[in-house]
Amino acid sequence: MADGLATVAVVLAGTLAAATPLVFASLGELVGEKTGMLNLGVEGMMLVGAVAGFAAAAATGTPFVGFLAAAAAAAALAALFGVLTLYLFANQVATGLSLTIFGIGLSAMVGRGYVGIPLDGLGPVAWPFGLAELPVVGVLVFGHDPMVYLGLAAAVAIAVGFKHTRLGTVLKAVGENPTAAAALGHPVRLIRLGAVLFGGAMSGLGGAYLSLVYSPMWAEEMTAGRGWIALALVVFATWRPGRLVLGAWLFGGATLVQLHLQGHGVAVPAQLLATLPYLATIVVLVVISRDPVVIRLNAPASLGKLYTPER
Amino acid sequence: MKTKAMMGAALAVGLGMASAAVSADDGPLKVGFVYVGPVSDHGWSYQHDQGRQAVVNAFGDRVETRIVESVQEGADSARVLDGLAASGHRLIFATSFGFMNSVIRVARRHPEVRFEHCTGYKRADNVATYMARFYEGRHVVGLLAGALTETNIIGYIGSHPIPEVIRGINAFTIALRRVNPDAEVRVIWVNSWYDPGKEAEAAKALIDQGADVLLQHTDSPAPMTVAEQRGVWAVGQASDMSRFGPTAHITSIVDIWDAYYVRRTQEVLDGTWQSGDVWGGFADEMVYLADYNPSLAPELVEMAETARREIIAGTRHPFTGPIRAQDGSVMVAEGETLSDDALLRMDAYVEGVQGSIPK
Amino acid sequence: MPLNFEARDRPSGVVRAVAPVVAIALTGVFGLVLFWLLGHSPVTALHAYFVAPVSSVRGLAELALSATPLVLCAVGLAVGFRANVWNIGAEGQLLIGATCGGGFALMVQDFGGAGPCVLPAMLVAGIGGGMAWAAIPAVLKVRFGASEILTSLMLTYVAGLVLGYAVHGPLRDPDGFGFPESKLFEDDALLPILVAGTRLNLAAPLALGVAAVAWLAMARSLIGFELKVIGVAPHAATYAGFSPRRAVWIGFLVSGGLAGLAGVCEVAGPIGQLTPEFSPGYGFTAIIVAFLGRLHPLGIVLAGLVMALTYLGAEQAKITLGLPEAVTGVFQGMVLFFLLATDGLAHLRVRWRRTRPAEAGA
């Protein structure tokens with residue numbers, strides 16, 4: 001029994017780590033989408049973050065510097081998206097897809113010198129009083145690296161920010177009706193650009209989590225589609241940070257549970273299971289979209305649409 | 001050299017053509033290499049490129065090599081092969097299974113070019129195939145794992161449930177249980193050749209379930225890094241992974257194409273190249289074990305090396321009976337050995353592997 | 001900031017025509033710098049990229065072959081995009097089309113039946129498969145209001161897994177030593193080759209025909225007009241009695257059907273069997289092609305050729321210069337950004353703020 005409990009604790013703790021890259025990337029995307037910016041370049045930005053983080057950490061020996069570099073590099077890539085879509089009126093979908101193509105190539109080019117190099121990853125937080133040694137709770141609550149906590153803190157901050165701050169209200173207003181927001185004197189394009197940059201930085205952190213913590217190494221296309229799952233997750237969470245974290249745990253946890261079941265000899269239809277995040281997202285989307293009130297409360301009305309400022 | 005399924009009458013034609021083609025032009029022999037991944041992957045494509053460098057070192061000015069990396073397995077591969085053939089390359093190594101039908105089609109159009117296709121099963125007068133008996137390495141590490149495990153649980157990370165991977169699992173398990181009849185193998189399929197995150201997750205899950213030795217048939221060093229962090233043993237795959245887990249690394253099973261590539265290039269230069277099928281192992285220097293972990297007891301290393309020598313000498317075969325199927329029924333009777341054809345079609349686990357093969 | 005960008009009401013015609021030329025010039029300049037920085041001869045690199053691939057009959061045939069799936073998908077997508085119907089799941093519809101068409105061919109082969117009817121039936125099955133897959137986001141949009149951008153994107157990944165399941169399971173070649181791919185199609189199930197010695201097949205003229213029909217339909221038919229009005233002025237369209245629901249259906253069925261056709265043409269053309277990874281992402285690239293072609297069938301044909309050239313050029317650069325894959329990826333990304341950026345510039349008027357009073361007087 002105690003053994004079973006320990007296993008469950010281990011799986012749950014693993015879920016928190018597995019969910020962390022998704023939490024970062026999709027929180028960033030969420031903020032961008034709230035202002036109406038649909039950036040399909042998450043996968044590319046994560047990869048650029050992963051390689052920049054790895055390179056900086058390898059050069060300085062400090063994972064912290066790695067994360068800073070990751071955020072900066074991915075934000076720079078996001079700036080490209082922002083300028084093209086906001087100031088040059090390029091279509092968001094096409095630009096986002098191009099961003100992914102570019103990011104995959106760029107990360108591979110920069111990363112050529114870093115393949116096959118081992119790196120000491122970021123370890124768990126050293127809690128005082130031997131907290132991490134506590135049974136079950138130790139593993140579950142005190143057994144993580146700082147980024148896991150930072151991701152959750154970011155989710156709380158963003159949730160509170162949207163609900164209770166002026167900035168949050170402005171961001172939402174820009175996403176709901178940019179023309180009206182501009183009429184109220186808000187600098188719509190600057191606000192959207194800021195949100196896009198934030199989204200890029202968060203994607204970069206999510207990518208760097210993979211290359212600096214989760215499996216400390218650099219490999220081409222090491223995100224393996226997590227950027228697309230992050231996109232799904234934002235919708236699955238109906239643009240709410242709290243649900244987003246739950247969703248990330250669910251998506252990350254489902255994979256882990258499936259792997260554990262396989263290890264115990266249970267046959268799992270892997271192909272079918274791999275479709276679940278996407279199918280679940282479609283179902284959620286349909287459910288919330290059925291009710292016009294619910295969808296209006298959640299989905300940003302101007303998402304993905306071209307905004308042309310009035311003269 | 002273990003060559004099987006040699007082509008008969010057709011070879012004479014190919015031979016005549018080969019010598020004619022080489023004497024026709026006097027410049028260096030242009031040799032093309034087509035990789036499915038980037039050279040920098042430190043795995044599959046990297047090892048093939050090592051083979052290319054061996055060719056360059058062996059022949060110097062007499063050859064000119066060209067690589068094309070990260071070639072998609074769809075319609076692009078035929079165009080790349082065609083481009084190489086059209087630009088004067090007379091020997092082309094195509095190093096992924098997915099290029100098979102493209103190789104056959106392009107080869108038909110370019111009878112003057114010799115093609116070498118890795119891991120495929122379709123041949124022609126100017127298309128030879130080759131692959132490595134990776135499972136011989138699995139046998140040796142199975143013996144080591146049987147001696148090293150204390151929990152009697154071995155974790156095995158699989159990529160796709162194809163015969164090649166299942167053969168490796170079985171070869172390993174048979175050897176494991178010769179040393180340690182109580183040990184069992186738990187397999188997790190990640191459905192990818194390369195996904196560091198998922199491979200790490202699978203490694204962690206297996207360790208959480210008590211595995212103290214990890215095997216992988218995927219290409220990233222992520223499981224090795226996890227093994228190092230968690231203090232269990234692991235066996236590397238495709239290239240020497242010791243630097244990712246200095247204490248965890250038992251050894252790595254590595255493909256070495258150097259000798260084969262040099263030999264085949266020599267044969268084209270000499271005009272003696274023939275189509276054929278080579279499935280080479282330790283004896284042909286196609287499979288190689290990286291340096292054993294220095295902390296292994298000398299008698300363990302001796303046991304492993306003895307097995308390796310016996311395989312080279314032909315007195316030991318990883319699939320010699322008695323071998324029992326998963327349900328306990330006899331798969332191979334005592335003293336009998338599975339044929340290459342049975343090995344190529346292997347689609348069931350042997351006794352000692354937990355779970356079932358996903359459909 | 002003295003320099004000021006402002007949107008034009010209507011994109012300038014001259015700039016629209018000049019924009020691609022500017023993009024190509026910029027790409028050339030930046031390409032020169034990039035290759036020079038990486039230590040490759042810039043002139044040879046650009047030659048390998050843009051000249052070498054199309055300097056032979058076979059090269060031209062390959063260009064048409066690569067552009068075909070992009071054009072087929074993009075023409076269909078543009079029909080919807082014009083009406084603000086955002087199908088971005090063409091890749092999934094392409095995969096399902098290939099699975100249905102290819103699966104049909106394999107089924108017929110199993111029953112020993114073959115004949116001249118197989119190929120047309122395959123194409124129909126492919127179109128039907130693509131349409132059926134596209135109908136899902138259409139239904140979800142029309143019935144529940146679910147965002148088609150998101151549902152069609154999600155379904156793309158599901159489609160990839162459906163194809164993966166098919167070739168790992170029911171459609172796997174029993175004599176294929178367990179590798180996940182189908183039997184080869186018999187000759188009856190393959191598109192006829194047009195130019196001997198090349199891989200150019202019937203799909204290329206088919207794509208041109210489709211583009212021509214789409215041009216006519218969009219320019220001359222009532223439905224074309226309706227879709228345009230819905231896209232430009234949704235409120236006016238409602239007053240005029242045009243149905244946005246019908247636009248969703250038309251947008252999805254046309255684009256899904258053409259994506260499915262592209263998929264089945266690919267497997268019945270250069271591939272010749274079903275494999276899990278036969279598409280290098282044509283359906284996604286087609287979205288970019290649709291925008292580069294300014295949602296106009298003629299523009300899409302040109303954009304498809306340009307896009308195909310960047311792929312062939314990258315390959316050529318890899319073969320003749322040994323450029324690493326990563327460099328070609330970066331270069332391609334750069335080309336796309338320039339094209340998108342200059343496209344955007346066409347919608348802009350660049351002004352100096354100081355000149356404003358003078359302009360006001362004009």
Side chain, backbone, both or neither of A:V235 within contact of chain C (heavy atoms, under 4.5 Å): side chain
Side chain, backbone, both or neither of A:T281 within contact of chain C (heavy atoms, under 4.5 Å): side chain
So, taking the atom named [atom1] in [X] and the one named [atom2] in [Y], what distance separates them when rounded to the nearest 0.5 Å?
{"X": "A:I101", "Y": "C:M334", "atom1": "CD1", "atom2": "CE", "answer": "14.0 Å"}
{"X": "C:L161", "Y": "A:Y278", "atom1": "CG", "atom2": "OH", "answer": "8.0 Å"}
{"X": "A:L303", "Y": "C:W86", "atom1": "CG", "atom2": "CH2", "answer": "12.0 Å"}
{"X": "C:I149", "Y": "A:Q92", "atom1": "CD1", "atom2": "CD", "answer": "8.5 Å"}
{"X": "C:F338", "Y": "A:L84", "atom1": "CZ", "atom2": "CG", "answer": "10.0 Å"}

Out of C:T156, C:L153, C:N84, C:I136, return the one with the most heavy atom pairs under 4.5 angstrom to chain A. C:L153
Quickly, which of C:L340, C:T285, C:I287 forms a side chain to side chain contact (heavy atoms under 4.5 Å, CB included) with A:S98? Name it, please. C:L340
Fit a plane to each ring of C:F337 and A:F102, take the angle between them on a 0 to 90° scale, and name the class: parallel (under 30°), tilted (30 to 60°) or perpendicular (over 60°). perpendicular
Which atoms of C:L155 are under 4.5 Å from chain A, going by heavy atoms: the side chain, the backbone, both sets, or neither? both
Sort by residue number and list every residue of residues 103-111 of chain A having at least one heavy atom under 4.5 Å from chain C. A:G105, A:L106, A:A108, A:M109
If we only count heavy atoms from C-beta on, is the C:I88 to A:L40 side-chain gap below 4.5 Å? yes
Can you confirm whether A:T95 sits close enough to C:F291 that some side-chain heavy atom of one is under 4.5 Å from a side-chain heavy atom of the other? no
Heavy-atom pairs under 4.5 Å with chain C - which of A:I282, A:L38, A:N91 has more of them than the others? A:N91
Taking all non-hydrogen atoms of both residues into account, name the closest pair between C:I288 and A:A94 and its distance. CG1-O, 4.0 Å
Counting heavy atoms not belonging to C:F144, are there more than 12 under 6.0 Å from its CZ? yes
